Amino acid sequence: MPKDVITPRATDYNQWYLDIVREADLAEPAEVVRGCIVVKATGWGIWEMMQRELDQRIKATGHANVQFPLLIPKSFIMKEAEHVEGFAPEVAEVTRAGGEDLTEPYVIRPTSETIIGHFYSRWIRSYRDLPLLYNQWCNVMRWEKRPRLFLRTSEFLWQEGHTAHATREEAMEETIRMLNVYERIMKDVLALPVVPGEKSEGERFPGADNTFTCEAMMSDKKALQAGTSHFLGQNFAKAFDIKFQDRDGEVRYAWTTSWGVSTRLIGALIMTHSDDDGLILPPKVAPVKLALLPISTDQDLISSTLEPKAEEIKAAIEAVIGRRTVELDTRYHLRPSDRFFHHLQRGVPLRAELGEKELANQTLRLVRRDTGERIDVPMEEAPRRVLEVLEQVQENLYRRALDFRLSNTFEVSSMDEFKEVLDSKGGFISAFFGGTKEDERAIKEATGATVRCFPLEDHSTGTCFYTGRQGCKRAIFAKAY
RNA sequence: CGGGGCGUAGCGCAGACCGGUAGCGCACCUGAAUGGGGUUCAGGAGGUCGCUGGUUCAAAUCCAGUCGCCCCGACCA
């Protein structure tokens with residue numbers, strides 16, 4: 001008989017999400033600091049795994065890590081017209097320090113294009129200085145009206161890549177390269193199937209010429225922007241005077257890009273894979289990949305045989321799947337079912353049970369978190385089989401999420417159909433669209449859905465469902481977080 | 001910032017209309033039985049009732065002010 005500590009998704013999706021975060025011990029609202037979050041050990045462990053994977057890939061594509069100040073002179077934010085408009089309403093300012101009013105206030109960085117632009121202008125003189133390929137892992141602050149754990153906290157952690165290039169083509173290549181890096185890591189590591197695409201005019205980053213995105217579908221069929229890569233053109237170069245003398249002697253403005261993913265990805269993981277029992281983590285980002293539980297009512301048997309055996313198995317398995325990835329659960333004061341549930345709720349991908357039955361048969365019982373399937377494997381094969389099953393879990397989670405998205409994506413060709421499908425089924429609406437920013441706003445007004453992106457891999461064109469214009473690209477619409 | 005709601009034990013709530021010095025469920029601690037997907041019983045610990053002021057012999061309760069949080073919108077990684 002389950003206790004109702006986790007609200008079923010069908011009852012209240014928002015509450016379900018909060019319950020998962022709490023019961024899996026990922027994080028809690030900071031409360032004393034509005035909109036901020038305390039990331040707890042398990043949540044941080046997930047972030048560390050994602051960070052490690054991504055950091056390697058950022059470096060593998062030629063970028064180096066750097067660190068810029070948390071505070072930015074307020075005047076910097078004001079330099080790029082659209083950037084000001086986009087970010088001014090949500091920045092926090094520091095006006096006093098050291099007991100005195102500052103002559104110029106600082107803002108706490110909402111993103112670092114401006115201060116990095118300032119330094120890039122000092123570092124770049126020649127085409128030989130380009131490209132400049134830097135990334136920083138840091139925290140930023142945006143005073144959003146409506147915070148939501150992981151998805152939109154006032155302070156959040158992310159990486160922001162900032163690059164400068166000699167030509168438009170090179171900068172565009174970089175923008176797409178990093179979008180692809182994001183797509184790959186989301187797919188391969190987080191098991192998140194995403195739609196890479198270009199943002200519409202109305203959804204662009206303030207100050208960018210083009211914004212590219214990885215859009216994911218959550219299990220309530222709403223969309224989540226999981227990561228973005230911006231082609232900034234020469235906008236910031238002009239605002240911050242980032243110029244170089246080219247091969248031909250001409251002085252030119254550089255072309256810049258920026259790209260980032262944040263702790264929001266943890267929210268994406270939760271809302272993509274988890275169920276009413278609790279969190280489900282893809283093995284590749286699970287700090288604990290296997291919970292190993294010696295089970296017996298006979299305390300002597302436990303200490304003489306089961307626990308030593310368990311230690312031995314743990315070592316053998318960790319030799320194959322990685323250090324400190326197996327948690328040996330020795331909480332014998334709890335009933336087995338309570339111990340099971342603990343790991344289940346926390347999303348541990350695989351549970352192993354070692355009891356008298358297993359001892360007698362020289363087997364180990366594995367239980368999958370994603371399917372509940374029980375698999376008895378010969379003891380000596382355990383390490384290999386654990387690895388194998390973990391790979392299957394990883395694959396299954398991706399496949400499941402992809403199927404969900406595909407079966408909840410609907411094509412429409414008129415506004416009436418758009419509304420009807422969105423109301424009755426929800427999900428992603430796929431339609432040819434060639435409207436303006438104003439049209440986007442009107443559609444949002446009428447339906448609550450926004451343009452998520454123009455998928456990159458879809459080259460088909462057709463008649464716009466809204467304006468009737470010919471030769472328009474396909475867009476994905478959805479209600480979004 | 002507009003509309004609604006709420007602050008009482010770690011969490012979720014009752015008590016308030018009709019002032020008399022705080023209670024329930026879960027979680028937690030102890031013990032017993034139980035034990036392979038959320039067990040049962042017994043005992044126990046835990047609260048300046050958001051804050052400030054007022055009325056009163058007496059305030060969680062009445063009055064005034066204030067702070068904060070949540071939900072729905074607008075805004076967003």
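As the structure is a computational prediction, the values presented were derived from the model and not from experiment. Every chain is numbered from 1 and lettered A, B, ... according to where its sequence line falls, protein lines coming before strand lines.
Listed by chain and residue number, nothing satisfies the salt bridge (charged side-chain N to carboxylate O under 4.0 Å, His left out) test with A/Arg204 (two or more places apart in sequence, or in another chain). With sequence neighbours excluded, the residues that form a ring pair (Phe, Tyr, Trp, His ring centres under 6.0 Å) with A/Phe205 are A/His83, A/Phe87, A/His230. A/Trp259 is linked by a ring pair (Phe, Tyr, Trp, His ring centres under 6.0 Å) to A/His63, counting only residues two or more places apart in sequence or in another chain.
The partner of B/C62, taking Watson-Crick or G-U wobble pairs whose two distances both stay under 3.5 Å, is B/G54. If you check B/U39 for Watson-Crick or wobble pairing at under 3.5 angstrom, you find it paired to B/A33. Across the strands present, B/G46 finds no partner; the criterion is a Watson-Crick or G-U wobble pair with both atom distances under 3.5 angstrom. As the counterpart of B/G7, B/C67 is assigned, both hydrogen-bonding distances of the Watson-Crick or G-U wobble pattern falling under 3.5 Å. Pairing partner, B/C24: B/G12, with both Watson-Crick or wobble hydrogen-bond distances short of 3.5 Å.
When the C1' atom of B/C26 is taken as reference, atom CD of A/Glu23 falls 10 Å away, rounded to whole Å. Remark: P of B/C69 and CG of A/Asn14 are 17 Å apart, rounded to the nearest angstrom. Across the protein-nucleic acid pair, A/Glu28 atom CD and B/G12 atom P stand 12 Å apart, rounded to whole Å. Atom OH of A/Tyr481 and atom C1' of B/C75 are 17 Å apart (whole Å). Between the CG atom of A/Asp275 and the C1' atom of B/G38 there is a distance of 14 Å, rounded to whole Å. Taking atom CE of residue A/Met271 and atom P of nucleotide B/A77, one finds them 15 Å apart after rounding to whole Å. One interatomic measurement links the two molecules: CG of A/Asp12 to C1' of B/C70, which rounds to 12 Å at whole-angstrom precision. Straight-line distance from the CZ atom of A/Arg148 to the P atom of B/C75: 17 Å, rounded to whole Å.
Within residues 188-207 of chain A, no residue has any heavy atom under 4.0 Å from RNA chain B.
Across all strands, A/Leu151 comes closer than 4.0 Å to base atoms (heavy-atom distances). Within 4.0 Å (heavy atoms only), A/Thr211 reaches no atom of the nucleic acid at all. Residue contacts shown for A/Gly227 are absent, as no nucleic acid heavy atom lies under 4.0 Å away.
When the C1' atom is compared between B/G4 and B/A74, the two are found 16 Å apart, to the nearest whole Å. Spacing of P atoms, B/A60 relative to B/C70, comes out at 27 Å, to the nearest Å. Comparing B/G53 with B/C67, their P atoms are spaced 16 Å from each other, to the whole Å. Taking atom P in both B/G7 and B/C49, one finds a spacing of 15 Å when rounded to whole Å. Nucleotides B/G50 and B/G12 have their P atoms positioned 14 Å apart, rounded to a whole Å. Distance noted for atom C1' between B/G2 and B/G38: 44 Å (whole Å). One C1' atom belongs to B/C26, the other to B/C62, and the distance between them is 33 Å to the nearest Å. Only the P atoms considered, B/C63 is 25 Å distant from B/C69, to the nearest whole Å.
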Fill in the blank from the handout: Under a 4.0 Å heavy-atom criterion, the protein footprint on nucleotides 31-36 of chain B, written with B, S and -, is ---BBB
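Note on residues 280-302 of chain A: no pairs pass ring-ring contact (aromatic ring centres under 6.0 Å, His included), not counting sequence neighbours. Applying the ring-ring contact (aromatic ring centres under 6.0 Å, His included) test to residues at least two apart or on different chains, none of the pairs has a partner in residues 270-294 of chain A. Residue pairs meeting the side-chain hydrogen bond (donor to acceptor under 3.5 Å, both in side chains) criterion with at least one partner in residues 65-79 of chain A, sequence neighbours excluded, are A/Asp55-A/Asn65, A/Asn65-A/Asn135, A/Lys74-A/Glu93, A/Ser75-A/Glu104. Among residues at least two apart or in separate chains, salt bridge (Lys or Arg N to Asp or Glu O under 4.0 Å) pairs with a member in residues 288-309 of chain A are A/Lys309-A/Glu312.
Taking the side chain of A/Lys145 as heavy atoms from C-beta on, and the options B/U39, B/C75, B/G37, the nearest nucleotide is B/C75. In this structure, the nucleotide among B/A77, B/G38, B/A74 sitting nearest to the side chain of A/Asp338 is B/G38. Among the nucleotides B/G38, B/A77, B/G37, the one closest to any side-chain atom of A/Gln225 is B/A77.
A cation-pi arrangement is present between A/Arg351 and A/Phe340 under the rule of less than 6.0 angstrom and at most 45 degrees off the ring axis.
Using a 4.0 Å cut-off between a side-chain N of Lys or Arg and a carboxylate O of Asp or Glu, A/Asp275 and A/Arg369 qualify as a salt bridge. Using a cut-off of 4.0 Å between Lys/Arg side-chain N and Asp/Glu carboxylate O, A/Arg57 and A/Glu53 are scored as salt-bridged. For A/Arg9 and A/Asp220, the salt-bridge test fails: no basic side-chain N is under 4.0 Å from an acidic carboxylate O.
Annotation: A/Phe418 is in aromatic contact with A/Phe477 [ring centroid separation under 6.0 Å].
Stacking annotation: A/Phe341 is not stacked on the base of B/G37 (requires ring centroids less than 5.5 angstrom apart and an interplanar angle below 30 degrees).
The base of B/G38 lies outside donor-acceptor range of the side chain of A/Asp277, with no N or O pair under 3.5 Å.
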